[in-house]
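Note sheet for the following structure.
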Amino acid sequence: HHLSAGAPLLLPELIAAQNISETQPNVCDSPLVSNLPPSSFRSSSQLSSSHAPGFAKLNRREGAGGWSPLTSDRYQWLQVDLGERTKITAVATQGRYGSSDWLTSYLLMFSDTGHNWKQYRQEDSIGSFPGNSNADSVVQYKLQQPTIARLLRLLPLDWNPSGRIGLRLETYGCPYTSDVVSLDGSSSSSLVYRLSPAPKQTSKEVISLKFKTLRNSGTLLHAKGQGGLSLSLELERGKLLLLLRQGGSSPSEARRLASLGSLLDDQHWHHVTVERRNVHLNLTVDKHTERVQIPAEFGHTDIEQLSVGAALSSDSKRTFHGCLENLLYNGLNLIERAKHNNPQVTLTGNVTFSCAESVSVAVTFPGPQSFLQLPGATASSSEGMAIRFQFRTWNKAGLLLTFGLPHKGGGVWLYLSQAGLRLQVHKDGSALSDGQWHSVELTLGQGRLTVAVDKKEGGIAHASPSFPVTVGGPLFFGGCPAEDDGQDCRNPFDIFQGCMRLLTVDDQPVDLILVQQRLLGNYSHLQIDMCGIIDRCSPSHCEHGGRCSQSWTVFHCNCSDSGYSGATCHSSVYEQSCEAYKHNGNTSGHFYIDVDGSGPIRPQLVYCNMTEENTWMVIQHNNTELTRVRPSPGVNQHIVHFDYSSQEEQLSAVTSQSQHCEQELSYQCRKSRLLNTPEGSPFSWWLGGPGSGGLQTYWGGAHPGSQQCACGLQGDCVDPQHYCNCDADRLEWAEDSGLVSHKESLPVRSLVLGDIQRPGSEAAYKVGPLRCHGDKNFWNAAFFDKETSYLHFPTFHGELSADISFLFKTTASSGVFLENLGIKDFIRIELSSSTKVLFSFDVGNGPLEVSVESSVSLNDNRWHRVRAERNVKEASLRLDELPAATQEAPADGHFHLQLNSQLFIGGTASRQKGFRGCIRSLQLNGVTLDLEERARITPGVRPGCPGHCSSYGSLCQNQGRCVERANGFHCDCSLSAYTGVFCHAEVSAIFKSDTSVSYTFKEPYEIIRNSSALPSSIYSDVTLRGENVSLSFRTNQSPALLLYISSYHREYLALLINKHDELEVRYKLDGSREAEVLSSRVRGLSNGQLHTVTIRRLTNSVSVQVTHTHTHTHLHKSILIFISHLFLSSDSDDLDPDLARLAALGFTGCLSVVRFNSISPLKAALLHPDSSPVAITGPLVRSNCGSPASANPYAAENTHHLSDQSGSVGSGQPLVNAIRTDSALIGGVIAVVIFVLLSGLAITARFLYRRKETYRNQEVKGVKQDDSQDFTFNNQTDSQNVSGERRKEYFT
């Protein structure tokens, strides 16, 4: 990303023309190598004296024109000593002059001592640098982060395949000055700075320093404030903790405010800055910053004393052992002051002004072919020997050491397994894959092996094999040679990836520098004199609280219980609104809602009420009941606060993205005034809106700022002189109530009631839950009617993680949905064919593509959902409910997505391959783009996109009809026997022996009188050449009459259970003939189980289906004319004798989903008795008895209680009992809880022949109303009273 070829770059003239005094301090690009003597250069080897490393200077031609090693392999290196620590900003390379020798890629290492090298990595974790393409041109690389070091080492990775390694180089930078102090880790060594007495408090304090250490724990810095308060920076297991203490609290009682950094005990310099502004504090370790809020009492406290290195307790392990550099407090150099014996700075113990470092040569095992071989058996070790070393790794498994046995031909293996240390006898150690250094000691002698971990603190294990164990050959650490075909080294375990150091064999330290020079042992694929461990979890790329774990090469995020999914826990598993859940086919229930998707706001549990035309999101608070105000002595005001189940940012997001929000506000009063008058000071008020809420002096149903109630707005208050009923101040109870729907005033936070203390004053208040409907984001859409049309938005910033989701519908076979370009990087999502969606991007590693192929065409003008995500681990693409396609990212590649152009929607910058169709609900990293607003001002693009029934119409079940709405759809259940949001809920009722329902059809002469149609069509409404009848029933009664339909001419249809417990259908279509009987073969119908019956007749052909059994026959006559009434459960004197006896018994049981052609008589009786031509006598109780799962079908009120099981989170299924259930929500949705949640309602209908006058005007008893308004009566029926003696009816 940052390459520039050619000679070292000079400053542009534009900069040179500026004020020299301003720019000069920032210039740091002087050549550092060209004037060094040959003694400053070293190398692994040289081809000849004329190829020596001292000739490797840029643009020089001395000697052979550069450095070349003896052999060209990856174990070579060139080292430059700059003489002192120097700031290095750039590196340039060139091939060997006049040759075919040049590097094509290389690694850079830096060190202060010539040991413990540190590999330079770019911000994207890439270690390799691009080299040259010929011997003469110069390729310069500007370091993204300047480094400070004395020595530089360049390691060739690849070179010209037609030549060998050849190099000339230059580095650029400037001198670096610093003040250093060294602390030896004893309990007495420290530096203390006491601030001047009573210092002036500053609004900002900054402490900065650099440190390096080999010890993974210790107190780095301690800031003591007034009153015993203190902040300290302490190393713990290689991480830096920011701790707060109060008084003389012990270390265990410290409160952790932040944890930052990792592997800080690597003996490299680390930069720390602490910046405080009152209660806000920024902690920076190297390049990473964490912002924390400290307690207010410390935020306003002056620092009295700063101490460095001293532990708060006598524990010597808590002291700091290492070096500090440039310790600054508000710009004051404390080390420099200590050098000059400033009285405010005190040094104690063994403190020196230089950095004395112990040499510790580590070795890195980076990959599968890595091993280290050392000589094993010697004459002195025949009786026994000890092998000691330290290691650190992230991997839970891997071979540490193996050697062969001299006589048995076997071997000894010391290896890691499940983060434990194991010898041949599998004795476990402690968790050793934590990235920390662990010491191992393997002792052989006197017939047994002993393994000790961490100086016996981590455990000790013994093995006593039956044969002598001595070292029978070389020792192999980490792995085995690939070419070793003998029995010297076998590795049945995983290879080791990690670092080792401090190796001793037979109490003799191993000189790894000799190993590196091939003078001792053997090795392959090692990085010697450095530990190249990387903590891939610091900082963690796991989002939303996902837990990070790692191996040597990759990290993994555990997203369980976070509410998010994906490789980095980026994308929410929940929908963003109740509206979205509804359009997935869900019904009412508790759901988790994530209002901003992958954004920072956490998911929240809400109730989604889908029983009405609008889908309501209901958010509870701690007091939704009507509450009596009880005055307290001496208190003039009653103050109530409402705590909501959702957090502040969740409430704010819900109200802003909803189309409408409301909250009930009610006050019942008796001699208790509410608002007084619009001109006077109100007695009561409330706080509502964001935060703690703003002052509101109006009441529910009125306008903001009006200081009125609903009756004042409508002009119907009990006292015209006042604008609230309660302000009339009467002794009778009155009420002011209404809905607050001004979103800026919601939710209601607090209530202050003022007129409650007078004698005789009584009052009660009610604040309902917050209710919102409509999701503006979900329906935000644009229609692109040309391939050249597009919308453009600001550049998309998704450097490390990006998720894009939207819905589309089109009739075109291809087109680009979205594109954003950078200099090299880009991101694009397109419909590449009629069945394929393609997600492509480039973050610097070359283009990467992820695609999903659909088995059905995507250009079917139906909505299809696309969800794409790209993070540092992988890219994924999901289309509708098809399996996700994923593509892993390179482990050590670039991972910053750098875009700089505009974001194009529906097209591209080149205006090629544009998209024709609709795009809806487009969200990038949880933020919805307002397509409609931009479309209104863009030619060729229209806001909105109608036509949703083609996509969602299948959700309407059981003859429900999909009705288009501007935003979404609605299921019209008026022609269905079912109810509910998707016409999915069965309508069932419990019948007693004296229950009856009658349904009246039009009489012939009424039709004639009210119609101008021709005679041939007069009777079409009630003259039947066929009918479809269906119902479900449960009963223990046999025999029983289920259904009876009769005409004006004594024709009838009867459905019954006969005495043989069989279903029987009787048709009488000719008054002069006997009834024709059709029996099913199904017996045992009165067993209390749910049975479904369907009767279909067309002219004289009849079929009957009972559950899964089918019967078919032919009748003698094919027309049933002039049907008059339909009755449920009644006796009559006019029936045939057999039917009359059955009718006299009545029917006891459950009937569900009764349907006669397009008429649903039971649904009309239960849900709309006042607007339908029905009459009911006896108890008719709505129930869920028609559900196949109903446990007690005959209970008059079979209430479905909230379960103790909360369902699977994120599965799209409603969750119950996950929040308080003793709230007003239960009252508001009791019909849903009782009647709608259980599916499969069954209805048994008995139609008995009887006069309707007997039942007219009788009260409906026990009918429970559902709040669904989906039943509109068909125009073939009429609810007018019709007179005449010939009127006959059907009863159930």
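All values derive from a computational prediction rather than experimental measurement.
For the pair Asn925 (side chain) and Gly798 (backbone), a donor-acceptor distance under 3.5 Å is absent. Of the possible donor and acceptor atoms, none in the side chain of Asn395 sits under 3.5 Å from a partner among the backbone N and O of Ala397. Looking at Ser45, its side chain never comes within 3.5 Å of a backbone N or O of Pro69 through a donor-acceptor pair.
Rounded to the nearest 0.5 Å, atoms CD (Gln76) and CG (Leu103) are 11.5 Å apart. With rounding to the nearest 0.5 Å, the separation of CG in Asp184 from OG1 in Thr319 is 8.0 Å.
Counting only N and O atoms by type, the side chains of Gln497 and Thr553 include no donor and acceptor under 3.5 Å apart. With 3.5 Å as the limit, one finds a donor-acceptor pair spanning the side chains of Ser178 and Glu325. Neither side chain, His570 nor Asn871, offers a donor N or O lying under 3.5 Å from an acceptor on the other. Ser571 and Asp803 share no donor-acceptor pair across their side chains, judged by distance under 3.5 Å alone. Judged by distance alone, the side chains of Ser105 and Asp158 do bring a donor and an acceptor atom under 3.5 Å apart.
For the ring-ring contact (aromatic ring centres under 6.0 Å, His included) test with Tyr415, the passing option among Phe496, Phe477, Phe493 is Phe493; the others fail. The only member of Val180, Val181, Leu221 that meets side chain to side chain contact (heavy atoms under 4.5 Å, CB included) when paired with Leu324 is Val181. Between Leu235 and the choices Leu240, Asn216, Leu241, the side chain to side chain contact (heavy atoms under 4.5 Å, CB included) rule is met once, by Leu240. Each of Arg237, Lys212, Arg215, Arg392 was compared with Asp265 under the side-chain hydrogen bond (donor to acceptor under 3.5 Å, both in side chains) criterion, and only Arg392 meets it.
Nearest heavy-atom pair, Phe796 versus Leu899, reported as atom, atom and distance to 0.1 Å: O-CD1, 3.6 Å. Looking at every heavy atom in both residues, Ala254 comes nearest to Leu243 through CB-CB, 4.1 Å.
Contact of the Val33 side chain with the Phe41 side chain is registered, since non-hydrogen atoms from C-beta on lie closer than 4.5 Å. When side chains are defined from C-beta on, Leu167 does not count as touching Tyr106, because their heavy atoms never get closer than 4.5 Å. Counting only heavy atoms from C-beta outward, the side chains of Ile88 and Phe110 approach each other to under 4.5 Å. The closest side-chain heavy-atom distance from Asn116 to His268 is below 4.5 Å. Counting heavy atoms from C-beta on, the side chains of Trp552 and Ile533 come closer than 4.5 Å. Considering only heavy atoms from C-beta on, Leu512 comes within 4.5 Å of Leu372 through its side chain. Residues Phe839 and Glu869 form no side-chain contact, since every pair of their non-hydrogen atoms from C-beta on lies 4.5 Å or further apart. Put simply, the side chain of Val206 does not reach to within 4.5 Å of the side chain of Leu328, judged on heavy atoms.
Using cut-offs of 30° and 60° for the angle between ring planes, the Phe391 and His438 rings count as tilted. Using the six-membered ring where Trp is involved, His541 and Phe895 have ring planes that are perpendicular, over 60° apart on the 30 and 60° scheme.
Cation-pi contact between Arg501 and Trp437: present, with separation from the ring centre below 6.0 Å and deviation from the ring axis of at most 45°. Both tests pass for Arg518 against the ring of Tyr523: distance under 6.0 Å to the centre and angle within 45° of the axis.
Between Cys557 and Cys542, the gamma sulfurs sit within a distance below 2.5 angstrom.
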Evaluation steps, side chain to side chain contact (heavy atoms under 4.5 Å, CB included), between Leu400 and Phe389
CA-CA 10 Å; Leu400 294 176; Phe389 59 94; 4.1 Å; yes
